[in-house]
Amino acid sequence: MKSIEEKWQKRWSELKVFEAEPDPSRPKFFVTFPYPYINSYPHLGTAYTVLRVDILARFKRMKGYNVLFAQGWHATGGPIVAAALRVREGDPKQISILKSMGISDDEIPKFRDPEYWVRFFSKGFKEDFSRYGLSIDWRREFFTTYLNPPYNKFIQWQYSVLREKGLITKGSHPVVWCPKEGKVVGDHDRPDEYAGIGPEEVVVIKFRGEDGLTYPCLTYRPETVYGAVNVWVNPDAEYVIAEVDGEKLVLGDYSIAELKDQGHKVQVLGKIKGKELVGRFAVNPVTGARIPILPASFVDPESGTGIVMSVPAHAPYDWAALEDLKRDPHLLDRYGVDPTILDAVQPVSLISIEGYGEYPAETVVRKYGVKFQGDRSKLEEATREIYSKEFYNGVLKVEVYGEKWGGRKVFEVKEEIIEFLVNNGYAFRHYTLPRPVYCRCGARTHVKIVEDQWFLRYSDPSWKAKAHECINSMLFLPAELREEFHRLVDWYEDWACTHERELGTPLPWDEKWVLESLSDSTIYMAYYTISKYLQHPELYNIDWQRIDRSLYDYVFLGIGDAETVAKKLGVDAGLLRRMREEFLYWYPVDLRVSGKDLIPNHLVFFIMHHVAIFPSPHWPRGIAINGWININGEKMSKSKGNFILLREALDYWGADATRLANAYAGNTGLDDGNFELEFASRAVDLLYEWYSFAIENYGKGDEEWKFIDDWFESVLNRTLKTVEEEYERLNMKNVIIYGFFNLQNSFKWYLKRRGSPNRRLLQEFIEKQTLILAPITPHIAEEIWDKIGKKGLIQQEKWPSVDTSKINDEVERAEKIVQKVLEDIQELLRIVKVETIQELRIVLPAKWKYMFIEKIKESFQKHGKVQQAVREALHLMPPELQKQAGRLVELIIKNSEILDLLVTPELEEKALRDAQHAFEEAIGKRVEVIYEDEATDTQKAKQSLPARPAIIVVTAR
């Protein structure tokens with residue numbers, strides 16, 4: 001198998017089969033796969049998504065399209081820089097990762113240089129993708145960053161255009177920040193589980209203590225400060241005492257850097273144990289109440305400020321922790337605190353919400369069965385429920401909030417309350433992350449306000465309006481994603497598009513900044529259309545140093561004329577015109593196929609930037625999404641030992657078997673695919689068996705044409721029609737189920753029924769089955785095509801046309817009747833000993849019964865009730881037949897599936913007589929097909945129904 005794969009890959013390359021050139025006489029199809037980040041070799045997850053692109057590309061070529069499938073590599077951003085830094089630091093984990101990919105000890109030191117990563121893994125990706133059999137036009141290959149001057153200038157052109165359109169601005173902004181690497185951490189700069197998490201605005205309320213210290217409590221619900229009856233600290237934690245903006249605060253260590261990076265003046269004065277704070281008192285800034293500092297184990301000193309205000313009436317964690325103390329007040333003895341301190345700590349009800357009682361926190365704690373403050377998963381669920389309900393439906397109590405805010409819903413007054421707290425010096429606004437987020441370098445991030453940062457103005461209403469217009473015109477697979485894209489476009493605010501100290505493209509007007517990885521990955525598909533020229537300057541007499549924006553203005557926007565631009569750049573004017581024509585021919589992108597992880601960022605940006613740069617005829621036409629890949633039902637991970645590189649799979653199973661298993665893993669949609677290791681191994685045998693069958697049987701068979709040939713011809717054409725539809729929807733698993741497994745089973749039935757096949761039909765089956773497989777398993781399909789004597793490559797063969805006149809529903813239903821009769825015969829043999837049988841008689845029903853069932857079917861199709869349909873049909877029968885028909889009612893109701901199988905009496909008879917030999921083969925006895933009025937066992941014969949003939953056993957005497 002592997003030698004066959006190498007043979008055809010070499011042949012395709014020699015013949016330049018996949019090198020796409022504009023051809024106005026043919027419809028074009030431009031399909032793309034997001035360029036992968038090249039900090040490792042591709043794994044089966046990458047292979048899963050890119051395979052769908054390749055299968056569709058091959059299918060579309062067979063459908064007569066001129067297909068462009070190009071591929072580049074993404075090196076922009078921090079992960080490569082971070083990984084190179086870890087190699088320089090001698091990090092054993094990073095070095096072991098490189099070794100696990102088969103990289104030798106001698107070569108590892110070279111990975112200290114980020115540029116080496118780019119060149120090494122771009123080469124590795126191309127090797128693996130080529131061995132996988134991907135039909136890529138490799139002339140158009142490129143990688144990103146300043147290491148590739150023409151692409152670098154293309155990105156700088158893009159951002160110059162955006163700036164001129166007023167879509168880029170400068171200002172301060174909260175960003176996710178890595179303190180170790182000193183950079184903004186975008187989604188691509190962090191492990192996948194932290195993608196999409198960004199800064200959130202919160203409020204820090206200051207509870208001033210009688211000890212001269214201030215206890216700052218970070219909260220998402222500042223309106224509930226009116227019910228704060230104590231302050232929580234973790235007694236086992238060590239806190240920092242710091243002067244913040246001239247005030248002494250008690251803080252968790254994590255918050256120090258976050259406060260510094262958000263413009264506060266911070267000076268660390270010392271440290272203090274949490275247990276030393278227990279029993280002290282502070283003042284609630286809005287009520288003036290004197291409240292105690294109490295211990296709680298649920299408080300995380302590395303979350304927020306490490307200090308928590310306690311609102312037990314409305315916060316499940318606070319209720320649970322207070323209940324813990326009240327159950328065992330002597331816990332306070334260990335801190336030298338009088339337990340009677342708890343007598344004054346009583347919940348204060350602030351917000352009315354229907355169905356949740358006086359103290360909503362108590363209600364949900366009981367609902368979720370929380371036993372103590374350590375029941376974190378239950379408390380998290382309870383917290384999510386009550387916070388959401390109270391925010392949207394909760395009404396503030398007049399007796400607490402007065403006439404100004406009382407009687408109004410929380411969401412209506414929250415901002416007013418925050419303004420009140422901030423303006424009176426009781427609190428300050430702050431940004432934080434809702435949960436810990438780690439950079440790929442391993443450092444925990446925090447929120448920093450970055451000054452003089454450059455932003456894409458995604459908040460711009462007119463920009464959003466264009467994006468919505470584009471989304472409305474696009475194809476989405478699955479279709480329901482359209483609304484999600486509309487939602488995301490509305491959700492986005494301004495986006496920080498530059499980083500410092502990363503690989504990438506420098507901002508053309510401010511080169512200390514580098515465009516971050518998502519921001520330079522938006523319209524590069526346009527670059528594919530001309531990259532075969534720009535990436536090979538020696539072939540076209542192009543001087544990279546002379547390239548400027550005039551080239552891209554002309555090629556992509558039609559600005560200027562070829563002669564003037566060519567003279568400026570020192571290139572041939574005809575070359576520029578060819579580049580412009582090539583762009584106009586291939587653009588827009590017809591379909592972009594991606595994993596679901598890129599929906600909330602890259603794919604939204606893909607739409608936004610296209611509508612900003614290009615006129616509407618060049619806007620994207622479609623997006624198809626698939627889930628991630630599991631291995632044997634489990635998420636792929638190194639820790640589970642089920643992480644498989646593509647090259648490992650190719651070494652073990654070969655390209656076609658890996659492709660078949662990966663295609664079988666799943667369909668289009670958000671559900672994750674499942675790569676089954678056992679299936680991959682079986683795929684090797686399945687493909688070899690088909691290869692052997694095809695080349696050994698092509699041209700065999702007889703010339704006779706029977707009823708069963710009509711059936712298989714119908715099945716073959718119906719399958720082809722179904723498979724074509726599934727290919728268009730990228731439902732690759734369905735293609736294999738319908739187009740391979742089901743079709744193979746149908747052929748096995750056909751042989752069982754017929755004995756030997758019809759020569760023409762067998763030939764047609766072998767050809768069409770191989771053509772169906774060709775986009776998925778192209779190497780073995782190519783070999784079969786060659787071996788059965790076909791001229792030319794199967795890759796360049798036309799997709800077989802469906803002959804709809806040969807699709808015959810009645811014939812297929814009639815054969816289904818045959819199958820059910822055979823099942824009934826086999827069931828009969830479990831009851832009656834075969835040696836006691838002399839012969840079987842299959843009894844065709846009287847023809848009036850067909851008329852009766854037809855009337856029932858017509859009535860059933862109107863209202864869907866079998867019993868009612870039977871009653872209506874009885875009234876429509878001739879009077880002389882009504883009594884006989886009435887005797888069948890119970891039998892029909894028990895066998896209502898016959899309504900779906902009904903055919904003409906002539907066709908049912910033809911099918912059953914054609915199958916007589918198959919029935920005899922199954923039982924080893926004579927089988928006779930007779931009419932109901934010919935039967936001697938009249939009582940049994942009268943039970944015969946259309947689509948359910950009676951079977952009479954004639955026993956040996």
**Report entry** Candidate pair N472 and H486, rule side-chain contact (heavy atoms from CB on, under 4.5 Å), full reasoning
**Finding:** CA-CA 9 Å; N472 283 332; H486 279 308; 2.8 Å; yes
Requested in this report: Decide yes or no on side-chain contact (heavy atoms from CB on, under 4.5 Å) for V604 and Y458, but give the supporting numbers first.
Outcome: CA-CA 10 Å; V604 176; Y458 289 155; over 6 Å; no
Report task. With salt bridge (Lys or Arg N to Asp or Glu O under 4.0 Å) as the test, would you mind laying out the steps for E115 and K110 before giving the verdict? Result -> CA-CA 10 Å; E115 295 182 11; K110 298 176 184 176; over 6 Å; no
Requested in this report: Could you walk me through whether L551 and F154 pass side-chain contact (heavy atoms from CB on, under 4.5 Å), step by step?
Outcome: CA-CA 9 Å; L551 182 147; F154 164 72; over 6 Å; no
Requested in this report: Show your reasoning for whether side-chain contact (heavy atoms from CB on, under 4.5 Å) applies to S130 and W138.
Outcome: CA-CA 9 Å; S130 297; W138 287 114; 3.5 Å; yes
Report task. Using the side-chain hydrogen bond (donor to acceptor under 3.5 Å, both in side chains) rule, take R549 and Q156 through it: C-alpha gap first, then chi angles, then the decisive distance, then the call. Result -> CA-CA 8 Å; R549 65 169 294 175; Q156 290 184 322; over 6 Å; no
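Counting heavy atoms from C-beta on, the side chains of S519 and H609 never come closer than 4.5 Å. P778 is listed as a side-chain neighbour of W12, based on a closest heavy-atom distance under 4.5 Å. Contact of the I776 side chain with the Y727 side chain is registered, since non-hydrogen atoms from C-beta on lie closer than 4.5 Å. The shortest side-chain heavy-atom distance between L515 and I155 falls under the 4.5 Å cut-off. In this structure, the side chains of F556 and I613 stay at 4.5 Å or more apart for every pair of heavy atoms. The side-chain heavy atoms of F455 and T498, taken from C-beta on, include no pair separated by under 4.5 Å. Using a 4.5 Å heavy-atom threshold, the side chains of L771 and I794 count as touching. Side-chain contact check for F605 versus L598: every heavy-atom pair is 4.5 Å or farther apart.
For the pair I80 and P114, the tightest heavy-atom approach, listed with the atom from each and the gap, is CG2-O, 3.6 Å. When all heavy atoms of A612 and K165 are compared, the pair lying nearest together is O-CE, 3.1 Å. In plain terms, the two heavy atoms of G666 and Y48 that are nearest each other are CA-OH, 3.3 Å. Nearest heavy atom pair, residue R52 against residue L730, reads NH2-O, 3.2 Å. For the residue pair A75 and T144, the shortest heavy atom distance occurs at N-OG1, 2.9 Å.
Listed by first then second residue, pairs satisfying salt bridge (Lys or Arg N to Asp or Glu O under 4.0 Å) with a partner in residues 454-465 read R457-D460, not counting sequence neighbours.
A donor atom on one side chain and an acceptor atom on the other are found under 3.5 Å apart for Q535 and Y527. A donor-acceptor pair shorter than 3.5 Å cannot be found between the side chains of W117 and N39. With hydrogens and angles left out, the side-chain atoms of T76 and E516 include no donor and acceptor closer than 3.5 Å.
Proximity of a side-chain donor or acceptor of R61 to a complementary backbone N or O of P775 within less than 3.5 Å is not detected. Side-chain N or O atoms of Y524 include one that pairs as donor or acceptor with a backbone N or O of Y35 at under 3.5 Å. Between the S13 side chain and the Q9 main chain, no donor and acceptor come within less than 3.5 Å of each other. Counting only distance, with no hydrogens or angles, the side chain of D54 and the backbone of S135 share a donor-acceptor pair below 3.5 Å. A donor-acceptor pair is defined here as one N or O able to donate and one able to accept, closer than 3.5 Å; such a pair exists between the side chain of K28 and the backbone of W586. The closest donor-acceptor contact from the side chain of R482 to the backbone of I471 lies under 3.5 Å. At least one donor-acceptor pair under 3.5 Å links the side chain of R26 to the backbone N or O of Y65. Panel note: side chain Y132, backbone L650; no donor-acceptor pair is recorded below 3.5 Å. For E5 (side chain) and A655 (main-chain N/O), a donor-acceptor pair under 3.5 Å exists by modelled atom type. Checked by atom type and distance alone, the side chain of H602 pairs as donor or acceptor with a backbone atom of S521 at under 3.5 Å.
To the nearest 0.5 angstrom, E451 atom CD is 10.5 Å from K170 atom NZ. Rounding to the nearest 0.5 Å gives a distance of 13.5 Å between OG1 of T668 and CZ of F476. Expressed to the nearest 0.5 Å, how far CD1 of I530 lies from CZ of R140 amounts to 10.0 Å. Note that CH2 of W513 and CH2 of W454 are 10.0 Å apart. Values are rounded to the nearest 0.5 Å. Between atom CG of residue N731 and atom CD of residue E726 there is a gap of 4.5 Å, rounded to the nearest 0.5 Å. Between atom CZ of residue F69 and atom CZ of residue F30 there is a gap of 10.5 Å, rounded to the nearest 0.5 Å.
Of the charged side-chain nitrogens involved, at least one lies within less than 4.0 Å of a carboxylate oxygen, so that E582 and K532 count as a salt-bridged pair. Between E484 and K596, no side-chain nitrogen of the basic residue sits less than 4.0 Å from a carboxylate oxygen of the acidic one, so the salt-bridge criterion is not met. Ion pair E469/K466 not flagged as a salt bridge, since none of the NZ, NE, NH1 or NH2 atoms sits closer than 4.0 Å to an Asp/Glu carboxylate oxygen. Ion pairing between a basic and an acidic side chain is recognised when a charged N comes within 4.0 Å of a carboxylate O; R577 and E563 show such pairing.
Using cut-offs of 30° and 60° for the angle between ring planes, the Y37 and H74 rings count as perpendicular. Relative orientation of the F111 and F120 rings is perpendicular, given thresholds of 30° and 60° on the angle between their planes. Aromatic ring orientation, F142 versus Y151: parallel (interplanar angle below 30°, classes split at 30° and 60°).
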Going by atom type alone, with no hydrogens or angles, which donor-acceptor pairs under 3.5 Å involve a side-chain atom of residues 567-574 and a protein atom two or more places apart or on another chain?
residue : atom : partner : partner atom : Å
K568    : NZ   : D548    : OD2          : 3.0
D572    : OD2  : G574    : N            : 3.0
D572    : OD2  : L575    : N            : 3.1

Let me have the donor-acceptor pairs involving side chains of residues 536-545, under 3.5 Å, with sequence neighbours excluded, atom names and distances please.
residue : atom : partner : partner atom : Å
H536    : NE2  : R139    : O            : 3.0
D543    : OD1  : Q545    : N            : 3.0
W544    : NE1  : L534    : O            : 2.9

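Every residue was checked against the side chain to side chain donor-acceptor pair (under 3.5 Å) condition with W619, not counting sequence neighbours, and none meets it. Partners of R621 under the salt bridge (Lys or Arg N to Asp or Glu O under 4.0 Å) rule, at least two apart in sequence or in another chain, are D590. Residues meeting the side-chain contact (heavy atoms from CB on, under 4.5 Å) test with T49, sequence neighbours left out: F33, V593, N626.
In this structure, the ring of H610 has its center less than 6.0 angstrom from the ring center of Y587. Residues Y41 and F121 bring their aromatic ring centres within 6.0 Å. Here the two rings, on W463 and Y492, have centers that are 6.0 Å apart or farther.
By the neighbour-count criterion of 12 heavy atoms within 6.0 Å, atom NZ of K16 is sparsely surrounded, having that number or fewer from other residues, nucleotides or ligands.
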